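What you see is a predicted model; the values in this text were computed from it and never measured. In what follows, chains carry the letters A, B, and so on, assigned in the order in which the sequence lines appear, proteins first and then strands, with residues in each chain numbered from 1.
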2 protein chains.
Amino acid sequence: MPETDNTEARILEAAKQVFYRKGLDGARMQEIADEAGINKAMLHYYFRTKEKLFDKIFLEALGKILPKIATTLGSDAPLAEKFDVISGYYHDLLLSTPYLPVFVVQTLQHNPDRLLQFIITQSGINPAETFGKFLMQIQQEVALGNIRPIDPRHLVLNLISMCVFPFMMRPMFIRIIGMKDEAFEAFVNERRHLVPQLIMQSIQPDQPPPD
Amino acid sequence: MPETDNTEARILEAAKQVFYRKGLDGARMQEIADEAGINKAMLHYYFRTKEKLFDKIFLEALGKILPKIATTLGSDAPLAEKFDVISGYYHDLLLSTPYLPVFVVQTLQHNPDRLLQFIITQSGINPAETFGKFLMQIQQEVALGNIRPIDPRHLVLNLISMCVFPFMMRPMFIRIIGMKDEAFEAFVNERRHLVPQLIMQSIQPDQPPPD
DNA sequence: GTCTATATGTTGATAGAC
DNA sequence: GTCTATCAACATATAGAC
């Protein structure tokens with residue numbers, strides 16, 4: 001079945017499956033070809049080298065996790081809504097793509113320079129600017145007495161940590177606790193709202209503000 | 001220099017460096033030999049295969065992260081002290097061994113069965129038992145009105161997430177924020193006490209208990 | 001125990017027919 | 001565009017001298 005465009009899409013989907021689970025070093029071109037139901041030579045016909053195919057997959061992966069947090073933090077929404085949006089987004093994403101976070105961190109541990117590649121091509125996002133806007137929002141809320149003073153870097157890192165890390169621990173977690181897959185998914189769905197609540201609670205001032 | 005015992009130790013140290021950074025698939029026996037300052041054939045003389053050498057390193061890595069949390073949670077110490085101990089332990093560990101957590105999660109994502117190997121040999125720890133003891137402590141504190149009702153699984157996962165995840169994000173984090181290594185280490189050292197404080201705060205009851 | 005040289009298998013990549 | 005057959009490079013592992 002000579003289907004030009006469809007074949008490329010099937011290769012990309014197969015490569016995603018294999019690369020996400022095994023990483024660049026562990027993945028085999030033969031396995032990707034099998035998963036795509038085509039021949040190994042086709043992979044090189046469409047993407048020349050394993051590295052080029054991998055780059056496509058990895059840059060797409062970064063595109064799923066980096067821009068969302070930047071745009072959300074830089075928006076005009078109230079703090080509580082931002083935390084809800086971010087938590088909901090990552091829980092949805094990682095319930096459907098569980099291997100994504102380990103794939104990304106392992107790739108960047110092996111070769112941190114791959115990140116630059118993404119930042120250059122995605123010139124749309126400016127970390128310093130969007131984060132600066134979020135910083136101003138924090139300072140305003142502090143000045144109004146709505147929240148206690150806090151380093152926004154810790155705040156964001158706490159939020160992302162509690163959303164993402166459980167999925168990285170999943171293989172270990174379910175085996176130690178003795179949990180089935182469905183139970184784990186119900187468990188992390190509880191966290192979807194629990195985590196932003198905890199974050200909001202952590203920035204409440206000691207005395208409640210006067211009405 | 002024919003030094004029997006010393007050579008084995010140097011191989012293990014070199015293997016740790018290379019495996020931690022690149023994982024099983026990315027590591028090369030030649031690179032381990034170079035790092036150890038010996039010949040490639042010596043690796044096989046001491047450890048037969050790459051897999052057997054890797055197992056030694058991986059099981060040691062699990063031994064650094066799993067037993068500590070189990071014994072601490074199962075102890076008789078008060079809750080706040082347990083959180084302090086765990087946070088301090090992981091921050092010390094990961095400041096000196098930054099590649100450890102990604103190494104472990106990537107290994108278990110590639111091959112989850114490796115965990116069983118550890119649990120079988122380390123028959124000393126019983127997750128259900130130690131965790132059950134921690135559960136009872138939580139229930140007692142709830143009954144006394146000292147803390148609000150909470151699922152201890154979420155509680156522990158939140159604690160570990162906020163301690164470990166920042167080190168996994170380190171390569172990405174420092175490049176996006178534009179942070180130097182020393183600044184990052186100062187940053188996570190702030191978290192050493194900040195995280196257990198946040199955890200304790202998250203379980204405080206809505207109304208303070210009567211004196 | 002330590003080394004050099006080599007065997008053996010695997011993998012990414014290409015050549016060429018259809 | 002798609003396939004089969006094959007190449008060339010590399011990596012693990014072993015043989016054998018010292």
(request) Just grab all the salt bridge (charged side-chain N to carboxylate O under 4.0 Å, His left out) pairs involving residues 149-164 of chain B, residues at least two apart or on different chains. (result) B:D151-B:R153
(request) Send over the distance from B:E8 CD to C:dT2 P, rounded to a whole Å. (result) 11 Å
(message) What is the distance, to the nearest angstrom, from the CZ atom on A:F54 to the C1' atom on C:dT11?
(response) 17 Å
(request) Please tell me which of the listed nucleotides, C:dC3, D:dT14, D:dC3, lies nearest to the side chain of B:R48? (result) D:dT14
(request) Calculate the interatomic distance between B:Q30 atom CD and C:dC3 atom P; express it in whole Å. (result) 12 Å
(message) With a cut-off of less than 4.0 Å, is there a side-chain N or O of B:H44 near OP1 or OP2 of D:dT14?
(response) no
Please list each protein N or O that sits under 3.5 Å from an N or O in nucleotides 8-11 of chain D, with the distance.
unit_1	atom_1	unit_2	atom_2	d
D:dA11	OP1	B:R28	NE	3.1

(request) Taking all heavy atoms of A:F134 and all of A:L79, pick out the closest pair and write down the distance. (result) CE1-CD2, 3.6 Å
Can you list, pair by pair, the side-chain donor-acceptor contacts under 3.5 Å of residues 164-176 of chain A, counting residues two or more places apart and other chains?
unit_1	atom_1	unit_2	atom_2	d
A:R170	NH2	A:E185	OE2	3.4
A:R175	NH1	A:P171	O	2.8

(request) Begin from the C-alpha positions of A:F19 and A:F103 and carry the test ring-ring contact (aromatic ring centres under 6.0 Å, His included) through to its verdict. (result) CA-CA 8 Å; A:F19 279 136; A:F103 167 69; 7.2 Å; no
(message) Can you pull out every salt bridge (charged side-chain N to carboxylate O under 4.0 Å, His left out) where at least one residue sits in residues 85-99 of chain A? Sequence neighbours excluded, please.
(response) A:D92-A:R192
(request) Mind calculating the distance between CG (A:L53) and P (C:dA13) to the nearest angstrom? (result) 10 Å
(request) Identify, with sequence neighbours excluded, every residue that meets side chain to side chain donor-acceptor pair (under 3.5 Å) alongside B:Q197. (result) none
(request) Send over the distance from A:F47 CZ to D:dG1 P, rounded to a whole Å. (result) 12 Å
(request) Would you kindly give the CG-to-C1' distance between B:N39 and C:dT2, to the nearest whole Å? (result) 8 Å
Between protein and nucleotides 15-18 of chain D, what N or O pairs are separated by less than 3.5 Å?
none

(message) Checking B:D113 now: which residues fulfil side chain to side chain donor-acceptor pair (under 3.5 Å) with it, not counting sequence neighbours?
(response) none
(message) Tell me every residue that passes side chain to side chain donor-acceptor pair (under 3.5 Å) with B:E51, counting only those two or more places apart in sequence or in another chain.
(response) B:R114
(request) Measure from the side-chain heavy atoms of A:T7 and tell me the nearest of D:dA13, D:dT2, C:dG1. (result) D:dT2
(request) For the side chain of A:Y45, starting at C-beta, report the closest nucleotide among D:dC3, D:dG1, C:dA13. (result) D:dG1
Output side-chain donor-acceptor pairs under 3.5 Å for residues 31-39 of chain B, partner residues at least two apart or in another chain, one line each.
unit_1	atom_1	unit_2	atom_2	d
B:E31	OE1	B:K22	NZ	3.4
B:E31	OE2	B:K22	NZ	3.4
B:D34	OD1	B:Q30	NE2	2.9
B:N39	OD1	B:A41	N	2.9

(request) In whole angstrom, give the distance that lies between atom CG of B:L43 and atom C1' of C:dG1. (result) 14 Å
(message) Distance check needed: C:dG12 C1' versus A:K52 NZ, whole Å only.
(response) 14 Å
